[in-house]
Amino acid sequence: MIELQDVSYSYDGADLLSDISLTLAPGSFHFLTGPSGAGKTTLLKLCYMELMATKGQVTLFGRPADQIGRDGVAHVRRRVGIVHQDCAFLDHLPLVENVALPLTVSGQSTEANMQELRELLGWVGLASKMASLPAELSGGERQRAALARAVIMSPDVILADEPTGNLDWEMSLRLLTLLVELNRMGKAILVATHDLNLIRQAKSQVSARVLRIKDRRLQLAGADL
Amino acid sequence: MIRLAEVISIVQGDPRADRAVPPTGFTAQLTLFTGAAMALLAVFALALSLATARLADRWSRELAQSSTVRISAPESQVAVQTEAALRVLRSTSGVESARALAPAEQQALLSPWFGPDLPVDVLPIPQLIEVVETSGGYDAEGLRLRLKAEAPGAVLDDHTRWRRPLIEAAGRLNLLALASILLIALTMVAMITLAANAALSANAQVIRVLRLVGARDSYIARAFVRRYTLRALAGAAAGTLFGMAAIALLPDADPAGGFLTGLGFSGFGWLAPLPVPLLAAVIAFWSTRVAAMRALRGIT
Ligand SMILES: Nc1ncnc2c1ncn2[C@@H]1O[C@H](COP(=O)(O)OP(=O)(O)OP(=O)(O)O)[C@@H](O)[C@H]1O
Ligand SMILES: [Mg+2]
């Protein structure tokens with residue numbers, strides 16, 4: 001559903017990523033690792049068009065990225081759930097409205113989806129925090145809320161950037177279980193993470209491919225995992 | 001082109017969309033104030049424009065009427081000089097027609113002053129000649145000189161002549177008033193653009209988040225456009241009402257009509273300020289929309 005073909009990206013002249021090729025097919029599960037500053041977040045941004053490739057071609061749902069207009073980008077993003085590293089919440093809205101934001105901006109009523117919202121927030125352990133502002137939440141709570149927001153639209157693709165960075169092991173496992181479940185429903189999943197334990201745990205549940213950014217290029221991580 | 005549906009949705013609003021963009025605080029009040037102040041000024045400028053147009057119109061209508069030539073000569077000379085003066089007048093460029101008044105007409109003119117029983121035929125009343133000018137008018141000094149040569153008793157009574165510069169002044173004032181309205185509109189565009197830009201850049205992060213969760217540009221722009229349009233409309237409505245009230249309450253001086261008492265609206269003229277709030281809303285709508293679309297272009 002999302003395809004990168006020989007994609008390069010540079011912020012200011014020197015390539016940060018070179019000749020990256022990657023296909024996120026329905027039902028696929030990928031992990032993305034690499035040292036801090038390797039370009040994991042940058043690669044994810046290429047996948048939801050916050051950044052445009054400086055070379056190569058990104059294809060989203062069958063359409064080349066450079067042929068997708070601004071409204072098209074909005075529609076693509078409704079089909080891609082994103083857990084941002086910085087969460088990207090609206091600070092003046094309570095948690096429940098932040099989680100419901102993708103529904104709101106696509107013209108669906110929050111009220112009609114209240115049941116689902118409650119369930120989802122309960123599942124990530126935030127039922128009691130629905131009315132809290134993002135600033136009143138802990139880092140881990142924010143990440144869980146970010147995941148809830150990423151899946152509320154039941155997207156075809158889920159891109160998660162360090163979704164467990166602030167979570168304890170138990171909560172990380174819960175989150176993984178949710179992702180695995182969504183994967184079994186046919187959704188393509190890409191998780192950028194440093195958490196090798198999480199990757200090992202996941203490999204016992206699904207057939208996940210582990211990619212690593214090394215020297216600007218994307219490699220398949222070996223059996224050391 | 002803006003679809004009707006969009007305009008309707010602006011008016012109806014979407015409370016959730018409105019909540020997504022945090023309150024824009026002082027820029028919103030600035031817009032309210034700008035709307036009110038500009039509408040007030042626009043109403044005054046409009047009143048001035050209508051009043052000067054009326055004044056210029058009335059004065060030029062009076063100008064179009066005749067001026068007169070008076071023949072004051074010894075009785076035996078009157079007829080001869082009248083003939084001579086008529087000849088001169090008819091050969092003067094700028095004079096459309098010239099006609100000696102009949103005694104009955106003269107009496108009618110004088111009766112308001114001396115009563116109907118005035119014996120015109122026995123009194124040495126000067127013969128009057130009615131002169132109707134062309135729109136271009138004639139050269140008064142030249143005509144005076146020629147009359148003096150041909151009919152020494154003829155006096156050109158040029159009483160309407162002094163109004164010409166006044167009509168010109170009224171016309172100019174009218175132009176200034178219209179230019180003011182234009183300037184007021186442009187100032188409003190500038191003020192609202194500034195206010196909207198301030199709000200948009202203060203909310204760059206909010207806009208980024210909305211885009212990331214799949215909001216379309218029009219959705220985000222609408223939240224801003226709606227605010228500024230409604231604020232400008234409300235402010236301008238208040239300003240217009242206030243301005244109209246102020247003009248209605250102007251002290252009612254001499255109805256014979258000096259210049260100042262002419263300032264105001266009359267009859268259907270009172271409808272003229274009503275489009276002002278609407279115009280303010282249209283200005284706010286477009287200014288904010290353009291500003292929002294420009295700001296959005298910088299955010300993927
Ligand atoms: N907007 C930007 N302009 C210029 N350079 C940038 C920008 N964003 C990121 N970079 C640089 O690109 C490199 C890769 O950043 P990126 O965020 O993709 O790394 P990452 O792999 O996600 O790191 P981490 O594991 O710490 O999240 C970094 O060196 C960063 O400084
Ligand atoms: Mg990162």
Side-chain angles (χ1 to χ4, degrees), chain A residues 44-52 65 68-94 96-113 133-134 145-146 148-153 155-157 159 161, chain B residues 1-28 198-227 289-300:
Chain A
L44 291 190
K45 284 182 176 172
L46 290 168
C47 293
Y48 59 85
M49 295 182 71
E50 184 164 357
L51 297 175
M52 295 298 270
I68 300 178
R70 290 187 62 88
D71 281 357
V73 171
H75 277 103
V76 162
R77 287 178 183 166
R78 290 176 194 180
R79 299 179 63 182
V80 180
I82 309 157
V83 183
H84 299 273
Q85 200 166 6
D86 62 357
C87 292
F89 287 133
L90 294 182
D91 296 329
H92 64 286
L93 291 185
V96 64
E97 288 190 49
N98 263 297
V99 170
L101 209 54
L103 295 170
T104 306
V105 301
S106 58
Q108 301 180 41
S109 105
T110 316
E111 291 72 43
N113 294 281
L133 292 176
R149 188 180 70 184
V151 300
I152 189 76
M153 290 284 278
D156 299 319
V157 182
L159 306 173
D161 199 354
Chain B
M1 220 37 241
I2 289 290
R3 282 159 296 137
L4 183 66
E6 190 167 348
V7 173
I8 290 172
S9 82
I10 294 260
V11 177
Q12 278 181 335
D14 171 358
R16 269 170 291 122
D18 276 357
R19 277 179 56 74
V21 176
T24 31
F26 100 98
T27 60
L200 285 160
S201 52
N203 285 297
Q205 186 55 25
V206 170
I207 295 173
R208 177 179 166 257
V209 171
L210 289 175
R211 279 295 294 175
L212 284 179
V213 298
R216 296 212 256 149
D217 284 351
S218 56
Y219 180 91
I220 299 169
R222 194 148 59 218
F224 287 93
V225 167
R226 178 178 146 73
R227 271 173 215 207
R289 198 180 150 84
V290 168
M293 286 307 182
R294 190 166 341 109
L296 278 162
R297 242 182 285 144
I299 297 173
T300 56

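The analysis underlying the following values was restricted to heavy atoms, covering all of them including side chains, and did not include hydrogens, waters or symmetry mates. We name chains A, B, ... by the order of the sequence lines, and we start the count at 1 in each one.
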What verdict does the side-chain contact (heavy atoms from CB on, under 4.5 Å) test give for A:Val105 and B:Arg211, after you've listed the backbone C-alpha separation in whole Å, the side-chain angles of each residue and the deciding distance to 0.1 Å? CA-CA 9 Å; A:Val105 301; B:Arg211 279 295 294 175; over 6 Å; no

Evaluate B:Val213 against A:Ile82 for side-chain contact (heavy atoms from CB on, under 4.5 Å), listing each step before the verdict. CA-CA 8 Å; B:Val213 298; A:Ile82 309 157; over 6 Å; no

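Heavy-atom minimum distance, B:Ala215 versus A:Ala74: O-CB, 3.7 Å. Closest heavy-atom contact between B:Asp217 and A:Asp71: N-OD1, 4.1 Å. Summarising the geometry of B:Val209 relative to A:Ala88, their closest heavy-atom pair is CG1-O, 3.3 Å, with the distance given to 0.1 Å.
For the options A:Arg149, A:Arg70, A:Arg77, heavy-atom pairs under 4.5 Å to chain B are most numerous at A:Arg70. Across B:Ile220, B:Leu212, B:Leu296, B:Ile299, the residue that shares the most heavy-atom pairs under 4.5 angstrom with chain A is B:Leu212.
Atoms CG and CD, from A:Asp91 and B:Gln205 in turn, are 8.0 Å apart once rounded to the nearest 0.5 Å.
For the pair A:Thr104/B:Tyr219, a side-chain contact is recorded, criterion being any heavy-atom separation below 4.5 Å from C-beta on.
A salt bridge is defined here as a Lys NZ or Arg NE, NH1 or NH2 lying under 4.0 Å from an Asp or Glu carboxylate O, and A:Glu50 with B:Arg208 meets this definition.
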